[in-house]
Amino acid sequence: MSAVVTLQGLLAGELVLAELRLQPGLNPILARPALGATLVALLVGQHKNRTGTVTVAGRDPRHSPALRARMPALFAVEPKLPGRTLRDGLSASLGGSDAADRALAAAGLRSWGQRPASRLSPEERRSVALATALAWKDPLLMALYDPLANTPGIDRDWVVGRLRELGEAGVTVVAATASVRDALALGGDPWVLAQGSAHRVGTTTASPAGGGETTLMVECAAARRLGGLLLGHPDVLGLGYDEIAAPRRLLVHARTLRSGSLAITSGATTLGVSLSALRPEPPTLARMETTAAAAARAATPPRPLAPTDPSAGWTVAKPFGLEPPPPPPPPPPLAPADPTSEEQDASDLHHATDDGAAPVATTERERGA
Amino acid sequence: MNPAILQGQRLAWSRLNLTRSPVAPIVAVSFVAVVAGLERIEQPLIAADRALTGAACGLALPLVVLALWQRLAPAERLDTTLLPLSRLGFDRRLSALGVFTAVGAAAAVMGAILAATAVMMARGAGDPGLSADLATSAWIGALGGAVYASWLGLGVCVGPRGGGRWALLFLDAWLGTSSSALALVWPRAHLRNLLGADAVLALPQATAVPWLLLLLALAILGALARTPR
């Protein structure tokens, strides 16, 4: 059975969301940590203070225990497990000790079965919760927060494969993360939550300026020297280098992928060094949010500010039913001036003012002569 | 029994687990025993009354019940405590009812023990009225424990981290000692009436038990209303 998830008019903590509709399949969602954690809690009916609606298969999970029984989740902070041992705690969730053993074995956590449930670290509790969720019987919706991070003992590639399997089987899988790299690993174009909207953004085209700026990661033995050489290059917009943490790694922000790659390779050739690695870095979350916000604005049609008919011109409102005043008559055209005859000008001026009044002195000569 | 109620009780017992760390009950019983002994030395005729209304049911019992809730739901609201059950599809309200019954039972036992300790130390082994007073005080202590468990449990459902329990404890201590109308809704007032102290609005002692049961029921209903399904 498939479930369509709908969120509308949501306001819960820092999460503000106008509308989001998720179809069955794998749905990676890029969001800041607080927003992603709140979203996961909302989807499985564990967040109390909210306005707006959340429906899964037409029902609100907050008020439906039967629905919650088919919605396994992985929270940002997992509570302590009940039971004396881990195996005991999982038996209640998965319906028996055998199912618990199979779930732990599938996730590579077979040796954890007899560990005291109360002695697990917060990250280990997340690993157990993830193993439980991925082994859930007949799930409708699976809401996971950062399933590829902070889960020690579980193979990341196995999780990705399992999530894709579940998505293809018709389960609505929601994987919220703040890591663009993890979202890319899950595949497809992720949803990005930004400024109250959710928009699908292609990670290969995420460029707010539209100019194709990109960041390249270079690994070589002479990373520092290479960085110094690239600083003056016209296509290099910026550099990033940490001599303590990663002395062999250089981040180059370039105008385009091609120009950046050419600058790096030519610089390496000039220095006579070889490159261990050269690859584009995925865009940052901030850039993805900016792209999503721009896409949301572009999708909203602008409100017209002027009349659509250019011949209509401005219309004057009729106050109290009165007719608008007639437009003023155009002024009479001026007589063209003759620049060769100053006396003629003076005579003209005198004639123009000849109404019985004394002639007006208009030249300096007449005034002060 | 409904599986959600049963799971709520199991969750509560697993978290309370007094055998693992019985410090709070031992300290409370020791405190009551010492105070009751001192009261007997000071004023033997009214030592039992003073020990019951003061050290046992006035101070130790509410604090022990608070300690039980702190162990069950440390700095969190009740619906957060029920997360391990609600994510499996158990009804949160029924699970909360299971939690309340477990905590109420533990608090009732503690109340009976504290009251009995106060009476034994205040009267002494040779007192002819000891056995009758023991039985009476024990059931009053048990009832008081159950009522405080539900009252403070209502506070656990109030506030982002269940901090309402502290507010209710403080207001009960402050307003429950008077005999005016302000004291009507606080368990302390009716417990004092039942133990023979000043009555609220001069109500007869026979009204104390119905009032306490009413407060217990209202507190549980209020807590369940604040807990989503």
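Labels below follow one simple rule: chain letters A, B, ... track the order of the sequence lines, proteins then strands, and each chain is numbered from 1. Note that the structure is a prediction, hence the values are computed from the model and not measured. Values below: every heavy atom of this structure, side chains too, minus hydrogens, waters and symmetry copies.
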Is atom [atom1] of [X] surrounded by more than 12 heavy atoms (other residues, nucleotides or ligands) closer than 6.0 Å?
X	atom1	value
Glu123(A)	CD	yes
Trp174(B)	CH2	no
Arg156(A)	CZ	yes

* Under a 4.5 Å cut-off applied to non-hydrogen side-chain atoms, are Pro65(A) and Arg229(B) in contact? -> yes
* Interatomic distance, Arg87(B) atom CZ to Leu74(A) atom CG [nearest 0.5 angstrom] -> 8.0 Å
* Qualifying residue, where the test is side chain to side chain donor-acceptor pair (under 3.5 Å) with Ser86(B) and the options are Gln46(A), Arg62(A), Arg68(A) ->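 Of the listed residues Gln46(A), Arg62(A), Arg68(A), the side chain to side chain donor-acceptor pair (under 3.5 Å) partner of Ser86(B) is Gln46(A).
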* Checking Arg92(B) against chain A: side chain, backbone, both or neither under 4.5 Å from a heavy atom? -> both
* Per-residue contact mode, Arg226(B) against chain A (heavy atom under 4.5 angstrom) ->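 Interface part for Arg226(B): both.
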* For the student: nearest non-hydrogen atoms of Pro79(A) and Leu83(B), plus distance ->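 So the minimum-distance heavy-atom pair works out to CG-CD2, 3.6 Å.
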